[in-house]
Q: 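Structure incoming, see below.
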Amino acid sequence: MIIRFATEADAPVLAALAQAVWVDSYAREGMRAVLADYVRDAFTAERYLRELADPARQIWVAERDGHLLGYASLNMETSPIRPELNRRLETLYVLRRLQGQGVGRALMQAVAVASPQGWLSTWHRNEEALAFYARIGCQRIGETAFELEGESHLNHVLAWGIPA
């Protein structure tokens, strides 16, 4: 497995990977129109081309034998809880069948080299992600919400690289 910066050629693969991981992680009760619309609109090759062109963002991919296994996206966004944390791990997605194989840890190591301190948020019911972040030393520092079509979904705000 190699960790590298994403390129424009990765954009359609990133979109498909993100759609698969998002549905697997968040459509726990099944699929409905609001979720399908969100996934279709939010995770497009065009989005990833824009993000790759953004100098305030970095995207790493984990790759093995020409296949993307996961990716991490870091941007310059200030934490709503701790304003001194100004790097956000916006996304860390690994295909479910590849989780537990060190992919997420390797991506997070690349992120931590680029940003020794930072923050992220994750859905309060995503037990797998919360357990992973706890194992790598992230600390819960607060709560926020993800809004989707008028519904508010509780997210935990976590940080890395901060004193306990």
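Keep in mind that what you see is a predicted model, and the values were worked out from it rather than measured.
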Q: Do the side chains of Met1 and Glu63 get nearer than 4.5 Å, heavy atoms only?
A: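 No, their side chains stay 4.5 Å or more apart.
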Q: Decide if atom CD of Glu128 counts as having more than 12 heavy atoms of other residues, nucleotides or ligands within a radius under 6.0 Å.
A: yes
Q: Apply side chain to side chain contact (heavy atoms under 4.5 Å, CB included) to residues Asn126 and Tyr26 and explain how you reach the verdict.
A: CA-CA 8 Å; Asn126 192 344; Tyr26 301 109; 3.8 Å; yes
Q: Between Met76 and Asn86, does the side chain to side chain contact (heavy atoms under 4.5 Å, CB included) criterion hold? Intermediate values first, please.
A: CA-CA 6 Å; Met76 296 176 76; Asn86 61 6; 5.8 Å; no
Q: So, the side chain of Asp10 versus the backbone of Thr7: is there a donor-acceptor pair under 3.5 Å, distance only?
A: yes
Q: Within this structure, what is the CZ-CD1 distance for the pair Arg64 and Ile2, rounded to the nearest 0.5 Å?
A: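 One gets 11.5 Å once the value is rounded to the nearest 0.5 Å.
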Q: Any non-hydrogen side-chain atom of Leu35 less than 4.5 Å from a side-chain atom of Val39?
A: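 In short, these two side chains do not touch, never coming nearer than 4.5 Å.
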Q: Using side chain to side chain contact (heavy atoms under 4.5 Å, CB included), reason through Ile141 and Leu85 one step at a time and then give a plain yes or no.
A: CA-CA 11 Å; Ile141 60 171; Leu85 299 174; 4.0 Å; yes
Q: Going by heavy atoms in the side chains, are Leu98 and His67 under 4.5 Å from each other?
A: no
Q: How far does CD of Glu90 sit from CG of Leu120, to the nearest 0.5 angstrom?
A: 11.5 Å
Q: Nearest heavy-atom pair of Tyr48 and Ala18: which atoms, and what distance?
A: OH-CB, 3.2 Å
Q: If you measure from CD on Gln101 to CG on Leu69, what distance do you get to the nearest 0.5 Å?
A: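 Answer for the CD-CG pair, Gln101 versus Leu69, is 8.0 Å.
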Q: Parallel, tilted or perpendicular, judged at 30° and 60°: which one describes the rings of Trp22 and Phe43?
A: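 Ring orientation, 0 to 90° scale: tilted.
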Q: Given 3.5 Å as the limit, does a donor-acceptor pair link the side chain of Gln139 with the main chain of Ile162, or not?
A: yes
Q: To the closest 0.5 Å, what do you measure between CG (Leu68) and CG (Leu14)?
A: 6.0 Å
Q: Just wondering, do Val21 and Arg96 contact through their side chains at under 4.5 Å, heavy atoms?
A: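 When only atoms from C-beta onward are counted, Val21 and Arg96 do not touch, as no gap falls below 4.5 Å.
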Q: Measure the CG-OG1 distance between Asn75 and Thr78 for me, rounded to the nearest 0.5 Å.
A: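 Atom-to-atom, Asn75:CG and Thr78:OG1 are 9.5 Å apart.
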Q: How many angstroms lie between CG in Leu154 and CD in Glu143, if you round to the nearest 0.5 Å?
A: 4.5 Å
Q: Report the C-alpha separation of Val61 and Arg4 in whole Å, then their side-chain angles, then the decisive distance to 0.1 Å, and conclude whether the side chain to side chain contact (heavy atoms under 4.5 Å, CB included) test is met.
A: CA-CA 6 Å; Val61 296; Arg4 64 172 174 80; 3.5 Å; yes
Q: Answer yes or no: is there a donor N or O on one side and an acceptor on the other, between the side chain of Thr91 and the main chain of Tyr93, under 3.5 Å?
A: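 Answer holds: no.
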Q: Identify the two heavy atoms, one from Ala62 and one from Leu107, that lie closest to each other, and give their separation to 0.1 Å.
A: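 Heavy-atom minimum between the residues: N-CD2, 3.8 Å.
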Q: Do the non-hydrogen side-chain atoms of Leu130 and Leu158 ever get within less than 4.5 Å of each other?
A: yes
Q: Got a donor-acceptor contact below 3.5 angstrom from the Trp119 side chain to the Pro83 backbone?
A: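 Looks like no, no N/O pair under 3.5 Å.
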Q: Tell me whether Arg28 contacts the main-chain N or O of Arg125 through its side chain, where contact means a donor paired with an acceptor under 3.5 Å.
A: yes
Q: Is the shortest side-chain heavy-atom distance between Met108 and Leu89 below 4.5 Å?
A: yes
Q: Minimum heavy-atom separation for Ala11 to Ala45, with atom names?
A: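 Minimum heavy-atom contact is CB-O, 3.6 Å.
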Q: Using every non-hydrogen atom in the two residues, find where Pro116 and Val113 come nearest and quote the distance to one decimal.
A: CD-O, 4.3 Å
Q: Answer yes or no: are there more than 12 heavy-atom neighbours, outside Arg40 itself, under 6.0 Å from its atom CZ?
A: yes
Q: Is it the case that the side chain of Gln117 and the backbone of Gly161 share a donor-acceptor pair, with hydrogens and angles ignored and the cut-off at 3.5 Å?
A: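 Checked: pair present.
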Q: Is a side-chain donor or acceptor of Arg57 paired with a backbone partner of Ser73 at a separation under 3.5 angstrom?
A: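 It does not hold such a pair.
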Q: Give me the atom names and distance for the closest heavy-atom approach of Arg88 to Ser121.
A: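 That would be NH2-OG, 3.8 Å.
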Q: Between Phe132 and Cys138, is there a side-chain heavy-atom distance shorter than 4.5 Å?
A: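 Heavy-atom side-chain distance check fails, nothing below 4.5 Å.
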Q: Under the ring pair (Phe, Tyr, Trp, His ring centres under 6.0 Å) criterion, do Trp60 and Phe5 qualify, and how do the steps go?
A: CA-CA 4 Å; Trp60 294 266; Phe5 285 111; 5.4 Å; yes
Q: Treating Ile, Leu, Val, Met, Phe, Trp and Tyr as nodes and any side-chain heavy-atom pair under 4.5 angstrom as an edge, say whether Leu92 and Val13 lie in one connected cluster.
A: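 Yes, Leu92 connects to Val13 through the hydrophobic network.
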